[in-house]
Number of protein chains: 2
Amino acid sequence: MLKKERQAFIMHEIDIHNKVLSSDLSLQLNVSEDTIRRDLQELDDTGILTKVHGGALSKSFHFTLKNNIVYSQSEKKSIALKAKALISDGMFILLSGGTTIIELIKSLSPDLRATFFTVSIPSALELLDHPNAEVIFIGNKLLKNSQMSVGAEVVQRLSEIKFDLCFLGTNSIDAEQGLTDLDLEVIEVKRAMIASSAKVISLSISKKLNTVQRMKVCNIEEVDILITELDPQDHLLQPFLAKGLTII
Amino acid sequence: MLKKERQAFIMHEIDIHNKVLSSDLSLQLNVSEDTIRRDLQELDDTGILTKVHGGALSKSFHFTLKNNIVYSQSEKKSIALKAKALISDGMFILLSGGTTIIELIKSLSPDLRATFFTVSIPSALELLDHPNAEVIFIGNKLLKNSQMSVGAEVVQRLSEIKFDLCFLGTNSIDAEQGLTDLDLEVIEVKRAMIASSAKVISLSISKKLNTVQRMKVCNIEEVDILITELDPQDHLLQPFLAKGLTII
DNA sequence: ATAATAATTGCATCTTTGTGCAGTTTTTTA
DNA sequence: TAAAAAACTGCACAAAGATGCAATTATTAT
């Protein structure tokens, strides 16, 4: 294969995915990573992509990244690590949206082979970066703000599948009021998610504990496991323990 | 064999494969690689191919690489503007993935009120930025590379809805071979998209015209309208006109 | 037709380019 | 902060390219 061909392939990949990994390209094109790095350097020199540690980004993507630098919160990372331990090979796992869930996906071992279902586009995109995850998006009408699908069609599809684990990036959780949320359509979907799952796990940073929104999703008893960044002995968690939840 | 004959053969190979290797040509034409190199140099001087280390590339191929960002973008914009004119309020519109489709979505008037269906995540995300579009994602298993959903479930859902317009960002379109693509699962979905739509519109930048991939999606007659950045009188488009397509 | 001239081609030689590898340094991650 | 991943550097070697030269082939003029 000609060098220019290889570089055209790299640009093609960049067009599609907005990013490339040196390691992937090395495998796909059957040349050493050094060669890929040299190609990326050349392409960067001509200015049509931006080389970064590990690979390269499209010019436009790099621009957007620079404009919203996200400091990924250490609390969410700590929650993600605890949640990860519950997942094993072969499971059917249902994921909601939310930054905590994104952290969980990022922290997954690349070797994990499981089937992930989600109704959230950001979660789906993050899952697609995982080399061995089977990703299934339950689609229908999309909400503009939350970028998740809602509606009867979604509820129906969810009811047809039995999931091992359901991870909810929870907005508001309270020992008395249970899970609550803002949007009627979101609530319907969350209820369906909970109903179809053997174990429901709520991921909540501590400041979301004991907060209540307008509309009820379900009672606290429907949640099996609550994961926060706090120590399980923390006094904030005692009401949930009393309700029979497992705290991690 | 005359020099001109040899060079004609080289150009023929370039037309078919978009590239040639000096070593291959040397064997096929039974002359030394030096001679081939001199031929390629001459052809490069006249500007009808681009000589590179190891062989030569077709102009269009090289063009793609060199001007990836700026130029092909403007072609796609021109296509998007022509396509936009076909859309009006209240329509049910089905969109594939691809950068040309993204351009189309970006160019839509903010006042337009229509319902958009898609199987492509990038298209869905772009649609969500439109203030008045109703966005419906037909979800199922997601392909890692193309970020689109595939599978029987998708085909089934598509078959249940009747769309006014279907815009396909076409990979390969040929007057004789029709639409072709690389991936079996993608083909199944595209077929279902075409079957459920009153009008099928193919958006193709000119360099995708008269190219063929491994697997057939449908005959050219199934496509109603072909939109390119070229003038409808362009000779490249005559074969499609002859097949009864509307050219814009 | 044929000699003179010009163009084409292959080969030998030297130069440049492309690629992988080993050792070291930098960056990222746990 | 230590271990792992990625990057960089210099080097070796193979592949491809350039160039001058001689042999062959084609073209032109007489």
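Letters A, B, ... mirror the listed sequences (proteins, then strands); counts begin at 1.
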Earlier contact from the 5' end, DNA chain D, for S23(A) and S23(B):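 The answer here is S23(A).
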Determine the contact category for K51(A): base if any of its heavy atoms lies under 4.0 Å from a base atom, sugar-phosphate if only primed atoms, P, OP1 or OP2 are that close, otherwise nothing.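 Sugar-phosphate, backbone atoms only, no base.
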Q) Across the strands shown, which category fits S22(A) at heavy-atom distances under 4.0 angstrom: base, sugar-phosphate, nothing? A)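 The answer is sugar-phosphate, as S22(A) gets under 4.0 Å only of primed atoms, P, OP1 or OP2.
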Readout for nucleotides 19-30 of chain C: B = base within 4.0 Å of protein heavy atom, S = sugar-phosphate only, - = neither; 5' to 3' it is BBBB----SS--
Within this structure, what is the [atom1]-to-[atom2] distance between [X] and [N], rounded to whole angstrom?
X	N	atom1	atom2	value
L27(B)	dG10(C)	CG	C1'	15 Å
E42(B)	dT9(C)	CD	C1'	13 Å
R37(B)	dT8(C)	CZ	P	18 Å
D45(B)	dA18(D)	CG	P	11 Å

Original post:
Which pairs pass side chain to side chain donor-acceptor pair (under 3.5 Å) with one or both residues in residues 28-37 of chain A, sequence neighbours excluded?
Top reply: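 For residues 28-37 of chain A: S32(A)-T35(A).
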Can you list, pair by pair, the side-chain donor-acceptor contacts under 3.5 Å of residues 239-248 of chain A, counting residues two or more places apart and other chains?
none

* Find the bend of the helix from dA1(C)-dT30(D) to dA30(C)-dT1(D) as the angle between its two terminal axes (five pairs each), to the nearest 10°. =>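 Computed angle between terminal axes is 50°.
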Across all chains, not counting sequence neighbours, the side-chain hydrogen bond (donor to acceptor under 3.5 Å, both in side chains) partners of S120(B) are S123(B)
Which pairs would a plain distance check flag for residues 216-223 of chain A, meaning a side-chain donor or acceptor within less than 3.5 Å of a matching protein atom at least two apart in sequence or in another chain?
residue, atom, partner, partner atom, Å
K216(A), NZ, N219(A), OD1, 2.7

| message | Is it the case that over 12 heavy atoms from other parts of the model lie below 6.0 angstrom from the NZ atom of K4(B)? | response | no
Tabulate below the donor-acceptor pairs under 3.5 Å that side-chain atoms of residues 174-182 of chain A make, not counting sequence neighbours, or state none.
residue, atom, partner, partner atom, Å
D174(A), OD1, E176(A), N, 2.8
D174(A), OD1, Q177(A), N, 2.9
T180(A), OG1, Q213(A), N, 2.8
D181(A), OD2, K190(A), NZ, 3.0

In short, ring pair (Phe, Tyr, Trp, His ring centres under 6.0 Å) pairs touching residues 26-45 of chain B with sequence neighbours left out are none
Would you give me the side-chain donor-acceptor pairs under 3.5 Å for residues 130-140 of chain A, sequence neighbours excluded?
residue, atom, partner, partner atom, Å
H130(A), ND1, N132(A), N, 3.0
H130(A), ND1, A133(A), N, 3.1
H130(A), NE2, S109(A), O, 2.8
N132(A), OD1, R113(A), NH1, 3.4
N132(A), OD1, R113(A), NH2, 3.2
N132(A), ND2, P110(A), O, 2.8
N140(A), OD1, R157(B), NH2, 3.4
N140(A), ND2, V150(A), O, 2.9

